[in-house]
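Just below is one structure, and these are the notes that go with it.
Predicted, not measured: the structure shown is a model, and the values here were computed from it.
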Amino acid sequence: MGRRLVTLWDPRVINILSAEATRSFIALEVQVIGNSETYLCTNVYGPQKLEEKYIFLRTLLNLKLRYPSTKAIIGGDFNMITTLLEKK
């Protein structure tokens, strides 16, 4: 089975202003009802191949640059390890 991402929210509390997705992330620009601030909520599952990791990170950076005044919330599995011992 391939990787799957899902993002859930309560429409009574959160308004979705915009959304975009790739195989590695779902990004939602959201606003809490009754609050004027917006947030870029990004759910990630990073690629496993090294050459794809750099593209993935650059894509996330470009995503945030498109929303310069929006606070970012990002989480998930980045599939980033610093040593092979972390794989065990």
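- Side chains of I74 and V44 form a contact here, defined as non-hydrogen atoms less than 4.5 Å apart.
- The side chain to side chain donor-acceptor pair (under 3.5 Å) test applied to T7 returns N43, not counting sequence neighbours.
- Note: the hydrophobic cluster containing M80 does not contain L5 (ILVMFWY, side chain heavy atoms under 4.5 Å, direct or indirect links).
- Rounding to the nearest 0.5 Å gives a distance of 9.0 Å between OH of Y67 and OG1 of T42.
- Under the rule for a side chain to side chain donor-acceptor pair (under 3.5 Å), the partners of T70 that lie at least two apart in sequence or sit in another chain are T38.
- Applying the side chain to side chain donor-acceptor pair (under 3.5 Å) rule to E20 yields the partners R66; only residues at least two apart in sequence or on another chain are considered.
- Both I73 and I14 are part of a single hydrophobic cluster, where members link through side-chain heavy atoms under 4.5 Å apart.
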side-chain contact (heavy atoms from CB on, under 4.5 Å) assessment of W9 paired with L28: CA-CA 10 Å; W9 67 92; L28 302 172; 4.0 Å; yes

Donor-acceptor contacts under 3.5 Å from residues 45-61 side chains, at least two apart:
from, atom 1, to, atom 2, distance (Å)
K53, NZ, P47, O, 2.9
K53, NZ, N79, O, 2.2
T59, OG1, I55, O, 2.8

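- Summarising the geometry, atom CD1 belonging to I26 is positioned 12.0 Å from atom SG belonging to C41; distances are rounded to the nearest 0.5 Å.
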Identify every side-chain donor-acceptor pair in residues 29-37 under 3.5 Å, counting partners at least two apart or on other chains, and give the distances.
from, atom 1, to, atom 2, distance (Å)
E29, OE1, S18, OG, 2.9
Q31, NE2, N35, O, 3.2
Q31, NE2, S36, O, 3.2
N35, OD1, E37, N, 2.9
E37, OE2, K71, NZ, 2.6

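- Listed by chain and residue number, R12 satisfy the side chain to side chain donor-acceptor pair (under 3.5 Å) test with D10 (two or more places apart in sequence, or in another chain).
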